[in-house]
Every structure is written in C-alpha cells, then in structure tokens.
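These notes are about the structure you will find just below.
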Amino acid sequence: YEPSTSLLKVDLELYITRPKTTKLLSPRADIDNFIKAIFDSLNGWVWEDDKQVIEVYATKAWAPEGEDGYFILGVEDVQTS
C-alpha cells in the first residue's frame with residue numbers, strides 16, 4: 001500500500017472508552033485533539049502528510065458500555081477541476 005498523494009476528504013467517527021461512572025452525555029475532551037492525534041499517526045501510512053486533508057467531518061460519542069474506544073475512518077480523493 002502506498003500513501004495517497006491526492007487532496008482528501010475525511011469522515012471520522014470517534015468512540016471514546018466510557019468511564020465506569022459519568023453523568024456526561026458525551027466525552028469531555030476536545031474533538032480537535034482526537035483528530036490531531038489520529039491524523040498525525042496516519043502520516044506516511046494513509047496519506048503522505050495530513051496537510052492533504054482539505055475537508056473533515058468528525059463526530060465523537062461514548063463507545064458501547066464495556067468496550068474499548070475505537071475510531072472509524074473514511075477517506076476519499078477530492079476531485080479538482
């Protein structure tokens with residue numbers, strides 16, 4: 001697999017490990033911090049550099065009770081004219 005060199009659109013669903021007790025409806029941590037960590041870790045693997053990402057749609061929610069956190073990533077090339 002070769003990292004993409006195209007401009008990219010990314011859809012990212014974040015599912016954060018739920019603490020044993022919480023009254024929060026969603027995870028407290030800032031969504032941009034999660035995005036930055038994931039994007040940086042994918043440099044050289046999915047894309048050459050995360051500066052290629054020109055569009056992002058991201059959501060965060062609790063993972064189902066008893067499950068570890070995870071994320072779902074969708075990546076599309078952006079057609080330029």
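The first residue in the sequence is number 1, and the count goes up from there.
The salt bridge (Lys or Arg N to Asp or Glu O under 4.0 Å) contacts involving residues 23-46 comprise Lys36-Asp40, where partners must be two or more places apart or lie in separate chains. Listed by first and then second residue, the side-chain hydrogen bond (donor to acceptor under 3.5 Å, both in side chains) pairs that reach into residues 41-53 are Asn43-Trp47, sequence neighbours excluded. Note on residues 9-18: no pairs pass salt bridge (Lys or Arg N to Asp or Glu O under 4.0 Å), not counting sequence neighbours.
Separation of atoms OG1 (Thr22) and CD1 (Ile16) is listed at 12.5 Å; rounding is to 0.5 Å. Summarising the geometry, atom CD1 belonging to Ile38 is positioned 5.0 Å from atom CG belonging to Leu14; distances are rounded to the nearest 0.5 Å.
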Just distance, no hydrogens or angles: give the donor-acceptor pairs under 3.5 Å from side chains in residues 54-72, sequence neighbours left out.
{"unit_1": "Lys60", "atom_1": "NZ", "unit_2": "Pro27", "atom_2": "O", "d": "2.8"}
{"unit_1": "Lys60", "atom_1": "NZ", "unit_2": "Ala29", "atom_2": "O", "d": "2.4"}
{"unit_1": "Trp62", "atom_1": "NE1", "unit_2": "Leu24", "atom_2": "O", "d": "3.3"}

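Between Ser6 and Ser4, the shortest heavy-atom contact is N-OG, 3.1 Å. Between Val46 and Tyr1, the shortest heavy-atom contact is O-OH, 3.5 Å.
Leu42 and Val53 fall within the same hydrophobic cluster, where Ile, Leu, Val, Met, Phe, Trp and Tyr residues are linked whenever their side-chain heavy atoms come under 4.5 Å apart, directly or through other members. Tracing side-chain contacts under 4.5 Å through hydrophobic residues (I, L, V, M, F, W, Y), one reaches Ile35 starting from Leu73; they form part of the same cluster.
Leu25 shares a hydrophobic cluster with no other residue; no ILVMFWY side chain has heavy atoms under 4.5 Å from its own.
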Report the C-alpha distance between Leu12 and Phe34 in whole Å, list the side-chain angles of each, state the deciding distance to 0.1 Å, and finish with yes or no for side-chain contact (heavy atoms from CB on, under 4.5 Å). CA-CA 10 Å; Leu12 182 60; Phe34 289 115; over 6 Å; no
